[in-house]
Amino acid sequence: MRLLKAGELVVRVEVPAIQAGEGFGYRKNRLVATGFSMVTAAAYLRCEGNRIAEARVAVGAGVPFPTRAPEVETALAGKAAGEAAFREAATHGLSTLRFREAEGRPAEYIAHLAEVAVGDVLAEAWLQAKGS
């Protein structure tokens, strides 16, 4: 699906400032500093106390087209934030995505790399959200 019509151009993107209780994380995994990404992952968390009120997760590079990971987001909603919840949501929530070979690594390796990256960006977002 195309979001822009022929001749249209994005001229501005507005991103709201992070507020208290919110955080984000980003990872770009590659073999060498100048290499193409094998996996990218980004996450946003909005927390109320120790509970995740909202999660947004996206992966790219290791999948045919950058995409949100709604199964990960749903798995986190209302849960207590923490490493175990992040890893479980990443493992189960990414299982429906189709990963592809990258930089000579098989799709199974890229899928595992994505799980680790998503867990890491969620942990990074959580640290920011709680003010660390």
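- A75 and A89 get closest at one heavy-atom pair: CB-CB, 3.9 Å.
- The structure places CD of Q128 at 4.5 Å from CZ of F24, a figure rounded to the nearest 0.5 Å.
- Under a 3.5 Å cut-off, the side chain of T74 and the backbone N or O of E71 do not form any donor-acceptor pair.
- A90 and G119 make their closest contact through CB-N, 4.1 Å (heavy atoms, listed as atom of the first residue, atom of the second, distance).
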Does the pair F86 and L76 meet the rule for a side-chain contact (heavy atoms from CB on, under 4.5 Å), with working shown? CA-CA 7 Å; F86 301 150; L76 291 170; 4.0 Å; yes
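- Criterion: ILVMFWY side-chain heavy atoms under 4.5 Å apart, direct or through other members. Under it, V72 and Y26 are not part of a common hydrophobic cluster.
- To the nearest 0.5 Å, atoms CE (M38) and CZ (R100) are separated by 13.0 Å.
- E22 and Y44 make their closest contact through OE2-OH, 2.6 Å (heavy atoms, listed as atom of the first residue, atom of the second, distance).
- Hydrophobic clustering, with ILVMFWY side chains joined whenever heavy atoms are under 4.5 angstrom apart, keeps L45 apart from V121.
- Here the closest non-hydrogen pair linking V39 and A117 is CG1-CB, 4.3 Å.
- Cluster annotation: V13 is connected to L4 through the hydrophobic network of ILVMFWY side chains, with a link wherever side-chain heavy atoms come within less than 4.5 Å.
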Distance-only criterion, 3.5 Å: show the donor-acceptor pairs between side-chain atoms of residues 109-116 and protein atoms not counting sequence neighbours.
none

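- In this structure, CG in L122 is found 9.5 Å from CD in E73, a value given to the nearest 0.5 Å.
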Start with the C-alpha distance between D120 and R87, add both sets of side-chain angles, then the distance that settles side-chain contact (heavy atoms from CB on, under 4.5 Å), and finish with yes or no. CA-CA 8 Å; D120 288 348; R87 299 291 173 203; 2.8 Å; yes
Under 3.5 Å, sequence neighbours excluded: what are the donor-acceptor pairs made by side chains of residues 46-60?
from, atom 1, to, atom 2, distance (Å)
R46, NE, E54, OE1, 3.3
R46, NH1, E48, OE2, 3.2
R51, NH1, G78, O, 3.3
E54, OE2, R56, NE, 3.0
E54, OE2, R56, NH2, 3.0

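- The side chain to side chain donor-acceptor pair (under 3.5 Å) contacts involving residues 11-20 comprise R12-E14, where partners must be two or more places apart or lie in separate chains.
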